[in-house]
Amino acid sequence: MLVEKNVPLQSCNTFGIAARAHTLVRVRSAQDLQALLADHRLARQPLFVLGGGSNIVLTGDVKPVVLKMEIKGLRLLEETDKAWIVEAGAGEVWHDAVAWTLAQGYPGLENLALIPGTVGAAPVQNIGAYGVELQDRFHSLVAVDFATGRPFTLDAAQCAFGYRDSVFKHAAPLAEHEGAGLPRGMGLAGRAVITHVRLALPKAWRPELGYLDLERRRQELGVQQPTAQQIFDWVCEIRRAKLPDPAVLGNAGSFFKNPTVTPEQCQDIIARDPKIVHYPMADGSIKLAAGWLIDACGWKGKTVGRAGVYEKQALVLVNRGTREDSVTGGEVMTLARAIQTSVYERFGIRLEPEPVVV
Ligand code: EPU
C-alpha cells in the first residue's frame, strides 16, 4: 500500500482541474485494501474512491483519504452455454477492457467503446452509449465493505441499476428513515469500493444498431451484417467527431442527465417548440435530449470565465483554461447553474448534473 501526501490531482481528473489530495492511497490489490482498512489512522477518516476521474468536478482540495483504484487484471472467468464471463480489475481502463474482449473474440461491449474512465467506475453510474448500458452486459461485481473489510458479491438486481444510476450513488438510508421514500436499494455510497467487475458477453450476439448515428453509418457503408469490431470502429469514429478528447480539452462527458417528462409535459413543450428532440421510453415516459434543450437556449460554444460549452455538443462542459491556469470547479458549477436556470425558465425542466461534485 502506497500512501502519498499533498498529491496534485490535475492529471487524475479528465476536466484537468487543479486540486490536491491531502492523502492519497494507491490500491493495487485486495491486500492493499485490507492493509488500508486495518490502519486505524487512515480507515477512521472519510474515504473517497477515485477511478479515472472522468465523472467528477473538484471544487477544492480533497480532504477525505483518496483511494486511487489501480487493481489490474483481465481474464476469462467462466464459459457457459450462453456467455463468456470476463472478470476485470477495477483499475483497468474501460476502453482497453472493451478492446481486449473483442480481441479475444467475445462481442458485446463494442457500443461502449471509448467511454472514458475505469472499469470500477462503470457500474457506479451504469455507463451507457449507443443503445447499450452496462447493465445489459453485467454479470456481477466484487466490492469490499469499508466497515468490515470483507469482500462481497452483488448481482445486477442488487446493484439496482437505473439510467446513470446504481446503489453506489445513494447514501445509506438512516435507520429511522428506512422505507420512508428514500432511494431504492441498500445505499452503498461511501460504504464500499468495487474491486472487480464481471461481464457476461453473449454467445448469441446480435448487433445493436437502434441508435440513429450507428444505423446511418451502416447504411452509408452499405454493410448488411456488421461485426462487433466494425461497430466498435464506428462508435469510436462517431465519438471522436462529436465529443472532445479529454487529453486535448478537459471535460467530464455529458454534464447533465437527459431528463424524462410525462407525455402531457412533452406535448406542452412540442406545442411551443416543435423541433424538440424526444424519445418515448418503455415505461411510457418521454426522454428529452438535454443537449438540444441547452443548445436551444443558445449556450453552444459560449464561455464564462474559463468554463465553456462545447461547440459540437452542448451537453458537454469543457475547460477553456490552460494547464497552468485551469478552470476551477467553482467556475464549472457557476456555468452549470446558469444553464440550469435558463433551461428551467424556458422549458420548466430542471436539469440534473451527471458528474459527482466533490
Ligand atoms: N443535440 C442538439 N444540440 C446539441 C447536442 C445534441 O440538438 O448541442 C441533439 C442531437 O442532434 C441529437 C440529440 O440531441 O438529436 C441527442 O444527442 P446525442 O446523440 O449527442 O446524445 P445525447 O443524448 O446528448 C447520450 C449520452 C452520451 C452518449 C450518447 C450516445 C447522456 C447524458 N448522454 O448523449 O453519454 O455517448 O447519448 O449514446 O445520456 C456521457 O454520459 O458522458 C455520455 C457522453
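Index from 1, following the sequence. In listed order, ligands and their atoms are each counted from 1.
- Salt bridge absent: Glu354 and Lys257 never bring a charged side-chain N and a carboxylate O closer than 4.0 Å.
- Remark: Arg217 does not engage Asp213 in a salt bridge, criterion side-chain N to carboxylate O under 4.0 Å.
- Note: an N/O pair closer than 3.5 Å links Asn258 and ligand 1 by distance alone.
- Using a 4.0 angstrom heavy-atom cutoff, Trp299 does not count as in contact with ligand 1.
- Within 4.0 Å of atom 32 (C) of ligand 1, at least one protein heavy atom is present.
- At the shortest separation from atom 16 (C) of ligand 1 among protein heavy atoms lies Tyr279 OH, 3.3 Å.
- Residue Phe256 touches ligand 1 through its backbone alone, judged by heavy-atom distances below 4.0 Å.
- Note: no N/O pair closer than 3.5 Å links Lys312 and ligand 1 by distance alone.
- Taking 4.0 Å as the cut-off between side-chain N and carboxylate O, Lys300 and Asp295 count as a salt-bridged pair.
- Under a 4.0 angstrom heavy-atom cut-off, Tyr310 registers as lying outside contact with ligand 1.
- When only non-hydrogen protein atoms are considered, atom 11 (O) of ligand 1 lies nearest to Val277 CG2, 4.9 Å.
- Using cut-offs of 30° and 60° on the angle between ring planes, the pair His95 and Phe232 is parallel.
- Proximity of Gln125 to ligand 1 is not established, as no heavy-atom distance is less than 4.0 Å.
- Considering backbone and side-chain N/O atoms, Gln313 comes within less than 3.5 Å of an N/O atom of ligand 1.
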